[in-house]
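Structure first, then comments.
Chain naming here is simple, since letters A, B, ... match the order of the sequence lines and numbering starts at 1 in each.
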Amino acid sequence: MTAEANIPARSRTISRPFVWMLSGLRRMPLLVTLSIAFLTLMLVVTVFGRFLQPYAFEQIDLLARMKPPAPLEGFTWTHPLGTDKLGRDLLSRLIVGAQTSMALTLLGTVVGAIIGITLGFVAAHKGRWWDEAIMAAVDFQAAMPWFIVALAVLAFMGNSMIVFLMLMGLYGWEGYARITRGLVLSAREQGYALAVHGLGATPRWIYLRHVLPNIAGPLLVQLTINFPSTILFETSLSFLGLGIRPPMTSLGQMLGEGRDYLISAWWLAVVPGTVIFLTTLSMSILGDWLRARLDPSLEN
Amino acid sequence: MPVLLEAENLARSFTLGRKGLFRPARQFNAVDGVSLSVNRGETLGIVGESGCGKSTLSRLLLGLLPPSQGSVMLDGAETTDVTPEEWRRLRQRMQLVFQDAAGSLDPRLTIRAQVEEPLRIHGLPLEMADTALDAVGLGGAMSARYPHEMSGGQLQRVIIARALVMKPEFLVLDEPVSALDVSIQAQIVNLLRDLQRELGLTYVFVSHDLGIVRHVSDRVAVMYLGRIVETAPKAEFYAKPLHPYSQLLLNSVPVPDPTRRKRARIVPGDPPNPADPPSGCRFHPRCPLATKLCREQAPELRDFGGRQAACHMIETARVAPKRAAVPTPDARQEEEVFA
Amino acid sequence: MTWLPVRLARAALTMWLVVTFVFVVLRLTGDPAAILLPDDIDAQTLAFYREKWGLADPLWQQYLKYWAGLLHGDFGISFRNDMDAFALVWERVPKTALLGGTALGIALFIGIPAGILAAIWKDSWIDRTIMTSAVFGFSMPNFFLGILLILAFSLRLRWLPSSGSGTWAHLVLPAITLGTGFAAQIARYSRSSMIEVLSRAYMRTASSKGTGPVRRVALHAIPNAAVPVVTVLGIQVGQLLGWAVVTETVFAWPGIGRLLTHSVALRDLAVVQCIMILLALTMVTSNMIVDILYGWLDPRVRVGAGTAQK
C-alpha cells in the first residue's frame with residue numbers, strides 16, 4: 001500500500017490478456033511483426049477491397065492483354081501487376097480476389113468456431129447422451145473427407161454461395177468442439193467456477209463470464225490453426241473451378257485461370273499464389289508465436 | 001437461542017470408478033446420516049481428520065451438493081429440493097468460505113470485481129461491495145489489485161468479503177485458515193469473530209485444527225468417517241471429551257508449550273477406507289475400548305446431559321476411568337461435573 | 001481388451017453416419033436422372049434410366065437397397081458407362097496408392113530426421129532453420145507448389161514432365177508436391193514429441209547410467225517419441241487423400257482424384273458416392289489402426305479408450 005495507494009481504485013481495470021499482449025509487442029520477433037503487418041494489410045483489403053481497386057476488376061481492355069508485371073520487360077505503370085488474357089488489370093483482380101477469399105475464410109472460420117465452441121460447451125455441460133451424440137458427430141466430421149464432400153456437393157448443387165459458405169463453416173468445427181469440451185471440463189473443476197456457482201450464478205453466467213474468458217487463449221490458437229486450412233479449402237475448391245466462379249473472382253479462381261497460361265504469362269498464377277501462401281504463412285507464424293506465449297511449456 | 005439451521009439425517013454417497021457392463025459402480029457414503037442444529041448467532045465447530053466427510057457435510061449444509069438422503073432447514077424452511085430460483089435466492093442468506101482462496105478467485109478479475117460479482121449475479125447495488133471490502137480491511141486502492149498481486153492472508157480476506165457482501169445470515173467456513181501462516185491465522189480468526197459480533201452472523205467452522213476450533217466455537221461436533229460421534233458445548237468438550245475418538249483426537253493436538261510437546265501424540269492407526277467402512281462402530285478398529293458389541297452394532301448418538309455421544313462404552317469407561325485411552329490433563333479437574 | 005469392441009462399434013457408427021450422409025446429401029441436389037439426361041427426352045426413356053439407376057423407388061427404399069448392395073460390395077453402376085462403380089474406382093487405386101505412398105515415404109524420410117535433429121539441437125541455428133522451413137512447408141498451398149515446380153522443372157529447366165504417369169520421372173513432381181506439407185507437419189510433431197521425451201526422467205536415468213548420447217537417442221528417445229507421431233500420421237493420411245485430389249488435377253495424374261473431378265463434372269452419382277465412402281472407410285480404418293497401435297505402444301491408453309479419440 002505505498003505508491004499504488006494513490007491510484008484511483010478503478011483505473012487499473014484493463015484486463016490481463018490485453019496488458020499481456022501489449023507487453024509482448026516489445027519482444028516480438030521480426031517475422032511475427034511482418035506477419036501481423038501483412039495480415040493487417042489483408043484485413044484492410046478485406047474491408048475496403050472494392051474501393052481500392054484502380055480499375056473495375058472485370059473491366060476488359062483488349063488492347064492491353066497479357067501485360068507483364070512491374071519489373072519485367074514490357075510493363076506499363078498503368079497496370080503495375082500486368083493484365084490477363086482479356087486485358088483486365090491484375091492488381092484490381094488481386095484486390096477483389098483477396099477480398100472475396102478473405103471474407104469467405106473469415107466468415108467460414110467464425111461460423112466453424114461458433115458451431116464448434118457451442119457444441120463443445122453443450123457436450124461438456126450436458127454430459128451423458130448429449131456428450132455421446134456430439135462426440136459421435138465429431139468423429140463423423142473427422143472421418144469425412146470434407147474437401148471431397150464439398151467438391152461433390154458444389155458440383156451437384158451448382159454455384160450457390162450459401163451452400164459454399166455452409167460447407168466452409170462446417171469445415172473444421174470438430175477441432176473447436178474437441179478442444180472446447182476438454183477445456184470446459186477442466187476449467188469447470190477449477191475452484192473459481194465452483195465458487196461462483198456457490199454464489200448463486202447460473203451455468204450460463206459461469207460459462208460466459210469465467211470459463212470462456214479463461215479458455216479464450218487456446219481457442220485463439222486453434223483459430224490460427226484453422227484459418228490457414230480454411231483459406232486453403234476455399235482456394236483449392238475455386239482453383240478446381242468450383243466454389244467461386246467467374247464472373248466473380250477469388251485468389252484460388254485466379255490461380256486456376258492462370259494455370260492455363262504458365263508458358264506465356266506465368267505471373268498470372270504466381271502472383272495470386274504468392275498472396276495465398278503469404279496469408280497462410282503469416283497466420284501460422286502468428287499462431288506459433290501466440291501458442292508459445294500462452295503456454296511456455298510448449299516451447300516452439 | 002432460536003435454531004437457525006437444522007440438518008436432518010443427511011447422507012451423501014459418491015460413485016467410485018466408472019460403471020462397466022458387468023461391473024456395478026461402487027458407492028461410498030462420504031456423509032452417512034448426520035443430524036445437527038445450529039443456533040442463531042453461535043459458532044458450531046466441526047472437527048475431524050481429513051477424509052472424514054467434513055467438506056462434503058459443509059457443502060450439504062449449504063445445498064451446494066444435493067444430498068442422497070435427508071434435508072436441511074433454514075429458519076424452518078426447506079432448503080433442499082427447491083426450485084433453481086429459490087436455490088439461488090438462498091445463496092444470499094447462506095455462503096461458503098473456501099480453504100483454497102487463490103483457487104476460488106478468477107485470476108483475470110480485480111479484487112473489487114470479484115467482490116462485486118455476487119451483487120451483479122443477484123442484481124443488488126454494487127456500492128454494497130465497499131462496505132464488505134472495508135469490513136475486511138481491503139478498501140480503497142487495494143481493491144484494484146489482481147489475485148496474483150496479493151498474499152495468502154489478503155486473498156482469504158477477499159473470500160470473506162465476497163461471502164459477506166450480500167449480507168448473509170449463515171456462513172460455513174471450510175478450513176478457512178489452514179493454508180495460512182500461524183500469525184496470519186490469528187488475524188483472520190479475529191476478523192471472523194469481530195464480523196460475527198457486528199453482523200450477528202451464524203458460523204459453522206470446519207477444521208481439523210482443534211486449537212483453532214477451541215478458539216472460535218461455542219459448540220463442537222466431532223466427525224468420524226461420515227458420522228458425528230460427539231457434540232458438546234466447547235468448554236465441556238475440551239474439558240472432558242466423552243467419545244474415545246474425541247479423547248484420542250484431543251490428545252493429538254500439537255501443544256505449543258515445548259515441555260508438553262512430548263506428550264502430544266497422533267491418533268494411532270490410519271482411518272479406514274471410507275469406501276469400505278468397518279462393521280458396527282466405525283471407530284472400533286482403532287478404539288482401545290472396543291468390544292464384541294462395538295464390532296457388531298453401530299452406536300446411536302445418545303444424550304448425556306446437554307451433550308451427545310455415539311459410543312456403547314461411555315458408561316463402562318466412566319465406571320473405570322483408568323481404562324479410558326488417554327485422559328487429558330485438563331479433563332481431570334472437571335471430572336466431578338459429569339460424575 | 002474390452003476397449004477394442006467399443007472402438008469397433010464407434011468406427012461402425014461413424015461409417016453408418018458417413019454412408020447415410022453421403023446418400024442423403026447427394027440426393028438432396030435433385031433428381032439425378034433429370035439433371036443427367038437431356039431436357040427433351042421422352043418420359044419412357046427417363047423412366048427406363050430411373051429404373052436402371054435405382055432412382056424409381058421412394059428414397060428410403062433406395063437407401064435400404066443401397067445398403068443391401070454395399071454389404072455385398074456392390075456400389076451400383078456408373079451412370080456414364082454402365083461399368084460397375086467399384087471396378088471403375090478400383091482400377092485407379094494403384095495410381096493413387098503409388099502417389100500417396102511415395103509422398104508419405106518422402107514425408108517420413110525428411111520429416112522424422114529433421115524433427116529429431118531439431119529436437120536434439122533445440123534452440124540452435126539448426127533447430128531454427130528446420131522449424132522455419134517447416135512453417136514455410138506447411139503454409140505452402142499444394143496446388144501453388146505444384147505450379148511452381150512445373151514452372152521451374154518442366155517449363156524452364158525441362159528436366160521432368162509436368163503431366164501424365166507413364167514413367168518414374170512422372171512421379172517425381174507430384175510426389176514432392178503432395179509430400180512437402182506432410183513432411184513439414186511430421187517434422188514439427190517429431191520435434192515436439194522428441195523434446196518432451198528427452199526431458200523425461202528416464203532419459204536422465206539413462207544418461208546417469210553412462211549410456212552414450214547416440215544409444216540414448218536411438219534406443220530410448222526415438223521409440224517413445226514415436227507414439228504421438230504415429231497418432232498424427234493416422235489423422236493426416238485422410239488429409240493426404242484430400243489433397244491428392246488437387247495434386248492429381250494439377251499434374252493430370254490418373255488416380256482416384258482425377259476420376260472424382262471427372263465424375264463430379266459428369267454427375268456420375270454412383271462413382272462419386274463410391275469414392276467418398278471408400279475414402280471415409282480408409283480414414284476410419286487408419287484412425288482405428290492408429291488407436292490400436294497407440295494402445296499397443298503405450299499401454300496406459302487402453303484404460304481410457306472409448307472416452308475421447310486423440
Side-chain angles (χ1 to χ4, degrees), chain A residues 31 135-149 151-158 163 178 181-182 228-229 231-233 235-237 239-242 251-252 255-256 258-259 262-263 266 269-270 272-274 276-285 287-288 297-300, chain C residues 10-11 13-15 17-18 21-22 25-26 28-30 32 35 122-123 131-132 135-136 138-145 147-148 150-151 155 162 188 191-192 195 235 238-239 241-243 245-246 249-250 260-261 263-265 267 269 272-273 275-276 279-280 282-284 287 307-309:
Chain A
L31 264 179
M135 290 321 279
V138 164
D139 278 359
F140 159 73
Q141 181 75 35
M144 290 297 283
W146 198 246
F147 177 72
I148 288 162
V149 171
L151 192 88
V153 169
L154 284 172
F156 280 63
M157 288 204 179
V163 173
R178 228 176 243 173
R181 177 179 172 274
S229 50
I231 201 167
L232 290 185
F233 185 82
T235 48
S236 303
L237 282 169
F239 172 78
L240 292 178
L242 299 155
L251 293 175
L255 184 52
R259 188 162 80 96
L262 280 186
I263 300 172
W266 54 266
V270 171
T274 309
I276 301 172
F277 171 56
L278 288 179
T279 311
T280 55
L281 182 66
S282 306
M283 208 61 180
S284 301
I285 291 173
D288 277 358
S297 70
L298 269 175
E299 85 286 288
N300 191 345
Chain C
R10 285 171 76 91
L13 174 71
T14 308
M15 271 323 289
L17 283 171
V18 167
F21 176 86
V22 168
V25 160
L26 291 187
L28 272 184
T29 56
I35 296 169
K122 183 169 169 280
D123 294 331
M131 281 306 109
T132 310
V135 177
F136 277 75
F138 75 74
S139 301
M140 179 58 95
N142 219 289
F143 46 88
F144 186 43
L145 179 61
I147 282 173
L148 289 182
I150 289 176
L151 271 173
L155 299 182
S162 68
R188 277 163 68 94
R191 176 181 177 273
S192 57
I195 287 175
I235 295 164
Q239 286 194 13
L241 288 170
W243 292 128
V245 176
V246 181
T249 309
V250 173
L260 179 74
T261 37
S263 309
V264 153
R267 295 174 187 265
L269 200 64
V272 173
Q273 214 161 237
I275 292 175
M276 281 164 73
L279 281 179
T282 315
M283 281 164 87
V284 169
N287 280 353
T307 44
Q309 222 184 311

- Would you say C:Phe143 and A:Leu240 make side-chain contact, with heavy atoms under 4.5 Å? no
- Straight-line distance of C:Ile150 CD1 to A:Trp266 CH2, nearest 0.5 Å: 15.5 Å
- Query: What distance do C:Met283 atom CE and A:Trp146 atom CH2 have between them, rounded to the nearest 0.5 Å?
  - Reply: 11.5 Å
- Looking at CZ of C:Phe136 and CG of A:Leu281, how far apart are the two atoms once the value is rounded to the nearest 0.5 Å? 4.5 Å
- Top contributor to chain C contacts, counting heavy-atom pairs under 4.5 Å, from A:Pro228, A:Ala137, A:Ser236, A:Ser284: A:Ser236
- Reported CG-to-OG distance for the pair A:Leu278 and C:Ser139, which is rounded to 0.5 angstrom: 9.5 Å
- Any chance the rings of C:Trp243 and A:Phe239 have centres within less than 6.0 Å? no
- Item | Interatomic spacing from CD1 in A:Ile148 to CD1 in C:Ile275 - rounded to 0.5 Å | 8.0 Å
- Query: Can you tell me how far the CG atom of A:Leu232 sits from the CE atom of C:Met140, to the nearest 0.5 Å?
  - Reply: 11.0 Å
- Message: Quick check on the interface: out of A:Leu31, A:Val163, A:Thr274, who has the most heavy-atom pairs with chain C under 4.5 Å?
- Response: A:Thr274
- Task: Considering only heavy atoms and a distance below 4.5 Å, find which of C:Thr14, C:Leu148, C:Leu17, C:Leu13 pairs most often with chain A.
- Result: C:Leu17
- Do the non-hydrogen side-chain atoms of C:Phe21 and A:Val149 ever get within less than 4.5 Å of each other? yes
- Most heavy-atom pairs under 4.5 Å with chain A, out of C:Val272, C:Val18, C:Val246, C:Asn142, belong to C:Val18
- Item | Part of C:Val22 lying under 4.5 Å from any heavy atom of chain A | side chain
- Take C:Met276 and A:Leu151, measure what side-chain contact (heavy atoms from CB on, under 4.5 Å) needs, and give me the verdict at the end. CA-CA 11 Å; C:Met276 281 164 73; A:Leu151 192 88; over 6 Å; no
- Turns out that what part of A:Phe277 lies under 4.5 Å from chain C's heavy atoms comes down to both
- Item | chain C interface, residue from A:Thr235, A:Thr279, A:Ile231, A:Leu237 that has the most non-hydrogen pairs under 4.5 Å | A:Thr235
- Item | Closest contact, heavy atoms only, C:Thr249 versus A:Arg259 | O-NH1, 3.7 Å
